[in-house]
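Below: one structure, written as structure tokens.
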Protein chains: 2
Amino acid sequence: MGKRKETITIYDVAREAGVSMATVSRVVNGNPNVKPVTRKKVLDAIERMGYRPNAVARGLASKKTTTVGVVIPDISYAFFAELTRGIEDIAKMYHYNIILCNSDLKKEKELQLTEALLEKQVDGLLFLGGKVTDEHREIFNGTDVPVVLAATRDEAKNARPFVTIDQVKAAKEATDVLIREGHERIGFLGGPLTDPLIGYPRYQGYREALEENGMSLDEDRVRLGNYRYHSGYDAARELLESEQAPTAIFAVNDEMAVGAIHAVQDLGKRVPEDVSIIGFDNIPLASQVRPLLSTVAVPMYDIGAVAMRLLTKYMNEETIEEDQVVLPYRLELRDSTRLKEI
Amino acid sequence: MGKRKETITIYDVAREAGVSMATVSRVVNGNPNVKPVTRKKVLDAIERMGYRPNAVARGLASKKTTTVGVVIPDISYAFFAELTRGIEDIAKMYHYNIILCNSDLKKEKELQLTEALLEKQVDGLLFLGGKVTDEHREIFNGTDVPVVLAATRDEAKNARPFVTIDQVKAAKEATDVLIREGHERIGFLGGPLTDPLIGYPRYQGYREALEENGMSLDEDRVRLGNYRYHSGYDAARELLESEQAPTAIFAVNDEMAVGAIHAVQDLGKRVPEDVSIIGFDNIPLASQVRPLLSTVAVPMYDIGAVAMRLLTKYMNEETIEEDQVVLPYRLELRDSTRLKEI
DNA sequence: CTGTTAGCGCCTTCAT
DNA sequence: ATGAAGGCGCTAACAG
């Protein structure tokens, strides 16, 4: 039962239209070297037979799949979901499809997924958010497929092109806001310091800000979490219940920052009257909380879009003027801090 | 410059290992019919030459791409991002990759993307969240590629398999919570009534709940938005500033519900003391707001996972016992309503 | 257990 | 402007 739809090929169309398959191929691919009448004949035959080109066969013959691979930590993070939207929009614009893979930031998964993507003959690869190790480089360098890093970077020489923001500087400016508000005890809610992409650089920015303002970094005011709301909540709660509790908190991402807001509130205090809080990223949540969260607005969508655009340039072998793009961020001072401008 | 890495094929490996390509193919595909020593020879050659199988060629020859297409409204919605995570996890488990496409719920895009995915010879297709029209059915029925609907359904005869929840019933139960709290003026924050997947059924549930409890549906207490936070905020604000303002609100999704919470608070009132609010979906935001949002917990991840699992069964031609899956939901009563159990 | 031989459906010179 | 023919790299019978 369920009679298999016998696949109809370019050859069938050719026969039906009374031309050669080369001609059919030409009209399908928009080659101008086809007489209008011939083209019409072919188009009609295609229409009549319901012909659907086989992209796999085309890929094998042409060595192009119009597909790019995207290795991402976790699509369920608002940050990466937004970024992916930027990628996909630009990909669509250039007629590429994306194969999406979640790596959970696990090196082994990243490597394995990258391999799988290359086997699938993707025309390009977007690598998001993971640390680039020698093993990564070995794979990246061992292929002609262009690779662009997004929301991460590789400091190594001969590094891959990337699109990101200046994490340290942004973190420093965020901390500066708190300093200028006059706070002397500024808490820090971070991620793993072993994370070279977010955790460490944002910590570094915090530290530099304090140091440049002659303030000492007190380890007791540093708490490390996993970037999630609850870890932010818990860490902030600890901080606030300690002696010498901070009067301001810089959280390295918005989820943790919102957790901190609620920790403050649950303790019967107020933001920003009692404790100022600033986050990082500017995910939708930041403007869906009371008070509205002050934060570093990271152009998530743009990072994805620009990275994808850059990748298309490599795939088309266009000349690249700028292969290491540092996008601007912006301080978005809302209601969880008192300072309204800097 | 940039000497092209000459692609090394199964044929090269065969020569290097001193066997035929068929044998190489066998070891690459884990065919047991290979003598251990031979296998080792081949494996060594593969290792030595850095051979990477070409999945496109394999796809053409085997007519399987181990790739499934996913048409989704918008990956940047928490709801769909979560669902996609479920899809991808199960896909990975069964060694499939997913090609992700955002449709923005536009019919034309959905159709065009579906076509493109079929051209790419995906082994299966997951269609999320859009309304299924005759044009969709025409494409779906015109191919042997199995199609599973997720978070949507098609009432038509000979319909596609689907995985979803009972929207009407869930909406009714959510409204019931408010009714049992004794509210007589229950506002409704909905989506377009022309949306047959969310907007209409959830409205219907609201209406049925009222009717079954002998309450009349007052159109003045119905506000329609676009599912986003701000539209929820604005609509709730209108509702609350009207005469005969509702004392409880059912919002058809969490974003709007949280908008409503803030509208109430910005008006100087309290949730749930002055106004009870219940949402729908249980996205992370629901537990990242104060008060914690009571809502209908939809198993987003599971919908994706189950749909993908179902699809694998079709792709493997396993026998399907249940092709129309209605997953259970759960009322998650937190702090934005007063009733704690039902 | 291993090798041979056809394709899979299409693109792409190269002729005509 | 069109056709003929040779791959693209691999799988899948079918022999042996």
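For the atom pair Phe79(A) CZ and Ser76(B) OG, the distance stands at 14.0 Å (nearest 0.5 Å). Atom CG in Leu100(B) sits 10.5 Å away from atom CG in Leu126(B) (nearest 0.5 Å). Here the straight-line distance linking atom OG1 of Thr143(B) with atom CG of Leu117(B) works out to 11.0 Å at 0.5 Å rounding.
Sorted by first and then second residue, the salt bridge (charged side-chain N to carboxylate O under 4.0 Å, His left out) pairs involving residues 110-119 of chain B (not counting sequence neighbours) are Arg52(A)-Glu115(B). For the salt bridge (charged side-chain N to carboxylate O under 4.0 Å, His left out) condition, the pairs that include at least one residue of residues 30-40 of chain B, sequence neighbours left out, are Lys40(B)-Asp44(B). Among pairs with a residue in residues 307-316 of chain B, those fulfilling salt bridge (charged side-chain N to carboxylate O under 4.0 Å, His left out) read Arg309(B)-Glu318(B), Lys313(B)-Glu321(B), at least two apart in sequence or across chains. Applying the salt bridge (charged side-chain N to carboxylate O under 4.0 Å, His left out) definition to pairs two or more places apart or across chains, none involves residues 53-68 of chain B.
Within residues 8-32 of chain A, the residues having any heavy atom closer than 4.0 Å to DNA chain C are, in order of number, Thr9(A), Ile10(A), Met21(A), Ala22(A), Ser25(A), Asn29(A). Against DNA chain C, the stretch residues 34-59 of chain A makes heavy-atom approaches under 4.0 Å through Tyr51(A), Pro53(A), Asn54(A), Ala57(A), Arg58(A).
Using modelled atom types, one finds a donor on one side chain and an acceptor on the other under 3.5 Å when comparing Thr66(B) with Lys120(A).
For the helix from dC1(C)-dG16(D) to dT16(C)-dA1(D), the end axes, each set by the C1' atoms of five terminal pairs, are bent relative to each other by 30° (nearest 10°).
Applying the side-chain hydrogen bond (donor to acceptor under 3.5 Å, both in side chains) rule to Thr152(A) yields no partners; only residues at least two apart in sequence or on another chain are considered. Partners of Thr133(B) by side-chain hydrogen bond (donor to acceptor under 3.5 Å, both in side chains), not counting sequence neighbours, listed by chain and number: His136(B). Among residues two or more places apart in sequence or in another chain, the ring-ring contact (aromatic ring centres under 6.0 Å, His included) test is passed with Phe140(B) by Phe127(B). Under the side-chain hydrogen bond (donor to acceptor under 3.5 Å, both in side chains) criterion, Tyr301(A) pairs with Asp89(A), sequence neighbours left out.
For DNA chain C, the span of nucleotides reached by chain A at under 4.0 Å from its heavy atoms goes, 5' to 3', from dG9(C) to dT12(C).
Going from atom CG of Asn33(A) over to atom P of dG3(D) covers 13 Å, rounded to whole Å.
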